[in-house]
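Let me begin by presenting the structure, written as C-alpha cells, before commenting on it.
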Amino acid sequence: MKLSEAIKRRRSIRKYLDKGISDEIIRKIIDSARYAPFGGPLKKSCQLWEFIVVRDKETKEKLALDYEDRQFVKGAPVIIVVCADKTKDPEYKDWEITTSLAIENMLLTAHDLGLGACYVTTFIHHKKHKEDREKLIKILNLPKNIELIALITIGYSDPTEEIEEKELRDIDEMIHHNKW
Ligand SMILES: Cc1cc2nc3c(=O)[nH]c(=O)nc-3n(C[C@H](O)[C@H](O)[C@H](O)COP(=O)(O)O)c2cc1C
C-alpha cells in the first residue's frame with residue numbers, strides 16, 4: 001500500500017474478528033515504532049519506547065475498566081501497551097511526543113498489514129481520572145520509572161462495524177503564511 005493511501009484510509013477500528021494475530025505480525029508493528037523520530041542524540045539511550053504485548057483474556061478484561069465506551073478493548077486479540085522509560089534519558093521529558101510518533105507508525109503499519117487498531121487513552125491529562133490511571137498501572141505492574149502512554153488495540157477488522165464518516169477541516173482554513 002502506498003504511504004499516502006495508508007495515511008488517508010486508516011481509521012480507528014473498535015470491532016474485531018475472533019482471529020488471533022501471529023507474533024511475527026506483532027513484531028512487525030512494533031518494529032515500525034523503532035524508526036520514529038526521538039529527541040536527543042542518535043543514541044540507543046534516547047529510544048525510550050517500551051511495549052507490553054497483552055494477549056491474556058483476564059488482563060484485557062481488567063484494562064477495559066468500567067467505562068461503557070471502552071469495553072471494546074476486551075474484544076481485541078492483542079493490546080499493545082505503549083510506555084516510556086523515564087530513566088533512559090533523564091534530560092528528556094517529552095515522553096508523550098516521541099511515543100506518539102512511534103504510535104502513529106504502529107497504527108499505519110497495522111493498517112498496511114490489513115489489521116485494524118485504535119489508540120485508547122490512559123488518562124494522562126485527565127486529573128479526574130487519576131484513580132483509573134493508577135488502576136491501569138497496577139494491573140500492568142509498571143515500575144515507577146515507566147510512564148504509561150497508551151493502549152493500542154489491534155485485530156482483524158470486523159466488517160460489520162459501522163464506521164462513522166469523518167469530516168475533515170478544509171486545508172485552506174488551517175494554513176497561515178509567514179505569520180498568523
Ligand atoms: C490521544 C488519543 C486518545 C484516544 N483515546 C481513545 C479512547 O480512549 N477510546 C477510543 O475509542 N478512541 C480513542 N482515540 C481514537 C480517536 O477517537 C480517533 O482517533 C478519532 O475519533 C479520529 O478518528 P480516526 O482515528 O478514525 O481517524 C484516541 C485518540 C487519541 C489520539
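Order of appearance sets the numbers: ligands from 1, and atoms from 1 within every ligand. Keep in mind that what you see is a predicted model, and the values were worked out from it rather than measured.
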Only heavy atoms of Arg14, strictly under 4.0 Å: list the atoms of ligand 1 that pass. 10 (C), 11 (O), 12 (N), 15 (C), 16 (C), 17 (O)

Where is the nearest protein heavy atom to atom 27 (O) of ligand 1: which residue, which atom, and how far? Lys166 NZ, 2.4 Å

Is a salt bridge present between Lys15 and Glu162, judged by a nitrogen-to-oxygen distance below 4.0 Å? no

Suppose we measure from atom 28 (C) of ligand 1 to each protein heavy atom; which comes out shortest, and what is that distance? Tyr119 O, 3.2 Å

At a 4.0 Å threshold, what atoms of ligand 1 neighbour a non-hydrogen atom of Phe72? 11 (O)

Can you tell whether the side chains of Arg55 and Asp23 come within less than 4.0 Å, N to carboxylate O? yes

Atoms of ligand 1 under 4.0 Å from any heavy atom of Val120, numbered from 1 in the order shown, are 5 (N), 6 (C), 7 (C), 8 (O)

May I ask whether atom 20 (C) of ligand 1 is less than 4.0 Å from at least one protein heavy atom? no

Report, in ascending order of atom number, the atoms of ligand 1 lying under 4.0 Å from any heavy atom of Arg11. 24 (P), 26 (O), 27 (O)

Would you call Glu61-Lys57 a salt bridge at under 4.0 Å N-O? yes

For Glu96, is there any backbone N or O sitting under 3.5 Å from a side-chain donor or acceptor partner on Thr99? yes

Give the ring-plane orientation class for His176 versus Trp180, where under 30° counts as parallel, over 60° as perpendicular and anything between as tilted. parallel

Are Phe72 and Tyr67 an aromatic pair by the rule of ring centers under 6.0 Å? no

Atom 18 (C) of ligand 1 sits nearest the protein heavy atom Ser12 OG, 3.4 Å

Of the side chain and backbone of Cys118, name the one, both, or neither that has a heavy atom under 4.0 Å from an atom of ligand 1. side chain

Would Thr153 and Tyr16 count as a side chain to side chain donor-acceptor pair (under 3.5 Å) if you check the C-alpha gap in whole Å, the side-chain angles of each, and the deciding distance to 0.1 Å? CA-CA 9 Å; Thr153 54; Tyr16 311 99; 2.6 Å; yes

Looking only at N/O atoms, are Thr121 and ligand 1 under 3.5 Å apart anywhere? yes

